[in-house]
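Index from 1, following the sequence. Hydrogens, waters and symmetry mates play no part in the numbers below; they use all other heavy atoms, side chains included.
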Amino acid sequence: MDLVVVGVGAVRDKKNPHTWSPTGGNALYLYHLTPKGVLNELDGPVAAGTNPMSIASHEIGTKLILYSVEMGDESGIRSFEFDKANSKLKELNKSKTDGNDPCHIIIVTQENTTYCVAALYSAGTVNTFKVESDGKLSAIQGSFDLKQCYKKQEHPRQDAPHPHGLAFNGGLVYVADLGCNLVVSLKLDFGTGSLEKHAEYEIPNKGAGPRHLAFTNDGKQCYIINELDNTVTVAQVEKTGALLMKASYSTLPEGYNEPPPFDFYDAPSHAAEIVISQDQKYVYATNRGHDSVAVLKIEGDTLKTDKFVPTTARLPWTVAEVVDSPFVVVSNQFNKALKDPGNVTVFDSSASDWKVTDTITQTNIMAAVVTKATTADTNANALPLPTAFKSTTYEMAVQVGKELSLAAHFPVTSDGTIKGKIGADMTTEDASKAAGMAASSMLATIKSKAGSLDKVTSILEITACLNTTDTFTEHEIVMKGVTSVLEKVFGKDVGFGTRSVVGVTSLPDGAALQVAAKVQLLEDKD
């Protein structure tokens with residue numbers, strides 16, 4: 001099955017007594033979420049700069065890339081690659097933003113082009129960075145200044161534009177701006193990375209403070225969580241991308257009026273994150289102060305309170321679902337005494353009361369992202385692989401250092417080796433399929449020898465012999481069968497090194513073809 005990775009961002013800001021801890025923080029931590037909802041630590045702490053309060057993930061082939069924000073005077077976006085075989089995170093690069101305090105990032109893709117889009121709370125801008133083929137981020141490609149949308153507001157925290165949340169729907173980037181009390185839609189040019197204003201939509205409630213937003217899978221409905229008045233606004237999405245604002249619904253129990261958790265809170269609670277359940281039947285919203293996840297049932301274009309799930313600690317910032325599972329992951333900034341450390345809690349949402357399956361403690365948690373990392377082993381299982389062939393007369397694979405040399409592998413079915421002469425009693429298309437079978441057999445041998453296909457870092461060499469007629473010339477087309485299988489399993493990021501193919505008059509036992517290879521493996525660490 002896929003590797004479910006939970007990335008956690010822990011902050012430590014000496015200027016803010018509420019996010020200061022003498023140890024830990026300003027780092028990323030990775031956990032593996034097991035099928036039983038248990039978190040096992042993979043890596044961390046990995047230095048991530050000041051206040052990594054937003055994390056996003058992206059897969060390139062079989063590579064899992066994580067991106068995190070860095071706030072403060074050295075503001076920017078950092079990229080990291082997750083080494084699946086060693087369960088380690090390594091930094092790729094950092095790209096500076098055009099102002100301070102990026103607080104939310106998303107990854108958007110159109111055709112084969114991908115961008116990281118960042119909302120900068122203090123600067124009041126939205127930046128775009130192109131995601132390169134290796135996962136690194138380019139320099140800024142585009143920037144949009146939300147000052148052009150700002151009109152004076154009454155709430156003291158709405159003193160300027162403060163873009164806080166982003167979402168992508170129907171080719172448009174939607175920005176929830178807490179300071180402007182608006183949702184602004186932007187056109188992203190995937191050729192240049194530039195941003196252009198499409199439209200702006202005012203939240204009906206004055207002083208609402210839109211913080212984040214989420215769209216249904218069909219893109220026809222939008223839910224906007226408002227931090228300052230603790231509501232969720234429902235909006236209908238028109239074919240043009242326009243938002244038709246409907247009603248707003250409270251994220252708090254009726255009559256809730258407890259003292260605020262901190263003196264700088266101007267309300268008993270501040271709403272934070274919003275997601276839509278996988279079955280599209282519920283909206284989940286976190287309440288910092290009431291310290292709960294509000295579960296709101298979707299009924300047409302209205303919402304109805306279903307329940308409030310208490311979090312196991314204080315100030316829940318993020319909530320995330322694990323795809324194709326009942327698990328919901330919530331990050332809590334502080335413990336019940338409103339002090340460091342906070343925690344990450346995993347809930348089983350299939351239980352009526354959202355049963356807790358695991359909790360891990362960590363310093364000042366403000367972000368948690370859940371992603372399924374596709375592995376080479378997972379991709380290979382989808383083929384599926386045959387049983388590794390074993391010879392009684394020679395080794396099918398020999399490892400020297402990091403290099404694994406593979407003996408010739410033949411295309412084999414349940415009826416035995418595929419035989420024939422390509423160009424006479426076997427077509428090029430059938431030969432290409434047979435070559436793919438030989439490649440699958442090689443992968444089975446690699447997995448048997450190395451323990452995991454995720455240990456393959458590079459395909460160094462592929463050699464093949466084809467049993468052909470004297471006039472056959474479509475050797476390269478046959479070899480596409482090998483390349484196709486390897487790409488399905490490894491993606492294009494492992495590379496395919498050198499390749500050679502020759503036609504011969506005969507092969508052992510009349511086989512149609514044989515394929516051999518050399519691959520490079522990760523070095524085993526004792």
Side-chain angles (χ1 to χ4, degrees), residues 54 56-58 104-110 117 119 163-177 182-188 198-205 208 210-227 230-251 271-287 293-309 318-330 347 349-350 354 368-372:
S54 179
S57 65
H58 178 55
H104 191 228
I105 50 176
I106 59 172
I107 305 299
V108 300
T109 300
Q110 193 170 86
V117 186
H164 210 308
L166 302 164
F168 187 66
N169 185 63
L172 296 171
V173 174
Y174 290 82
V175 186
D177 193 301
L182 297 172
V183 173
V184 180
S185 56
L186 303 174
K187 294 178 181 178
L188 169 59
H198 171 255
E200 61 182 60
Y201 311 96
E202 188 171 0
I203 302 298
N205 352 352
R211 179 183 174 94
H212 283 288
L213 65 169
F215 289 85
T216 52
N217 289 343
D218 62 11
K220 295 180 179 179
Q221 202 94 319
C222 177
Y223 298 91
I224 305 143
I225 193 164
N226 302 307
E227 176 179 346
N230 298 295
T231 62
V232 173
T233 300
V234 181
Q236 180 181 317
V237 184
E238 306 288 281
K239 289 183 179 180
T240 60
L243 299 183
L244 179 61
M245 297 293 176
K246 300 287 188 175
S248 296
Y249 301 86
S250 178
T251 64
E273 182 67 277
I274 187 166
V275 299
I276 302 168
S277 65
Q278 296 175 69
D279 60 12
Q280 304 289 284
K281 293 180 179 180
Y282 297 93
V283 167
Y284 303 149
T286 57
N287 291 310
V293 177
V295 180
L296 309 175
K297 188 175 182 181
I298 298 173
E299 297 184 344
D301 57 4
T302 68
L303 293 174
K304 181 181 179 180
T305 301
D306 182 74
K307 58 174 161 272
F308 296 94
V309 179
T318 59
V319 56
E321 276 200 303
V322 182
V323 177
D324 299 328
S325 92
F327 300 121
V328 176
V329 179
V330 177
F347 294 93
S349 65
S350 66
W354 278 34
V369 63
V370 179
T371 184
K372 282 197 172 182

Taking the side chain from R211 and the backbone from I225, do they hold a donor-acceptor pair closer than 3.5 Å?
-> no

N230 side chain to S250 backbone, donor-acceptor under 3.5 Å | no

Smallest heavy-atom separation, P210 atom then I224 atom, equals CB-CG2, 3.7 Å

With rounding to the nearest 0.5 Å, note down the distance linking SG in C222 to NZ in K246.
-> 13.5 Å

Is the backbone of N226 close enough, under 3.5 Å, to the side chain of T231 for a donor and an acceptor to pair up by distance?
-> no

Scan L182, L186, V183 and name whichever one has a side chain to side chain contact (heavy atoms under 4.5 Å, CB included) with E200.
-> L182

Could you tell me which non-hydrogen atom of L213 sits nearest to which non-hydrogen atom of G165, and how far apart they are?
-> CD2-O, 3.9 Å

H212 (side chain) donor-acceptor with I274 (main chain) under 3.5 angstrom | no

Measure the acute angle between the ring planes of F215 and Y174, then classify it against the limits of 30° and 60° as parallel, tilted or perpendicular.
-> tilted

Can you tell if the side chain of S277 reaches within under 4.5 Å of the side chain of E321, non-hydrogen atoms only?
-> yes

Mind listing the closest non-hydrogen atom pair of S349 and P326 along with its distance?
-> OG-O, 2.7 Å

Look up atom CG in N287 and atom CD in E227, then write down how far apart they are to the nearest 0.5 Å.
-> 11.0 Å

Taking the side chain from S185 and the backbone from A199, do they hold a donor-acceptor pair closer than 3.5 Å?
-> yes

Side-chain touch T216/Y223, heavy atoms, less than 4.5 angstrom = yes

Output yes when a side-chain donor or acceptor of Q278 lies under 3.5 Å from a complementary backbone atom of D324, and no otherwise.
-> yes

Is a donor on one side and an acceptor on the other found under 3.5 Å between the side chain of T286 and the backbone of V319?
-> no

side-chain contact (heavy atoms from CB on, under 4.5 Å) between V237 and L243, worked out | CA-CA 5 Å; V237 184; L243 299 183; 3.8 Å; yes

Atom of K281, atom of D279 and distance for their closest heavy-atom approach | N-OD1, 3.0 Å

Side-chain heavy-atom pair V283, I298 within 4.5 angstrom cut-off = yes

Within-4.5 Å side-chain heavy-atom neighbours: F168 and I107 = no

Interatomic spacing from OG1 in T305 to OH in Y249 - rounded to 0.5 Å | 10.5 Å

Check: N217 main-chain N/O paired with Q280 side-chain donor or acceptor under 3.5 Å | yes

Heavy atoms from other residues, nucleotides or ligands near NZ of K297 exceed 12 (cutoff 6.0 Å) = no

Identify the two heavy atoms, one from A320 and one from V370, that lie closest to each other, and give their separation to 0.1 Å.
-> CB-CG2, 3.9 Å

Classify the angle between the aromatic ring planes of Y284 and W354 as parallel (below 30°), tilted (30 to 60°) or perpendicular (above 60°).
-> perpendicular

Give a yes or no on whether the backbone of S248 and the side-chain of T233 come within a donor-acceptor separation of less than 3.5 Å.
-> no

Gap separating the CG atom of L188 from the NE2 atom of H198, nearest 0.5 angstrom = 13.5 Å

Measuring from Q221:CD to Q236:CD, what's the distance to the nearest 0.5 Å?
-> 6.5 Å

Kindly indicate, with the supporting measurements, whether the criterion side-chain contact (heavy atoms from CB on, under 4.5 Å) is fulfilled by H58 and T109.
-> CA-CA 10 Å; H58 178 55; T109 300; 4.1 Å; yes

Take atom CD in E202; do more than 12 heavy atoms of anything else shown fall under 6.0 Å from it?
-> no

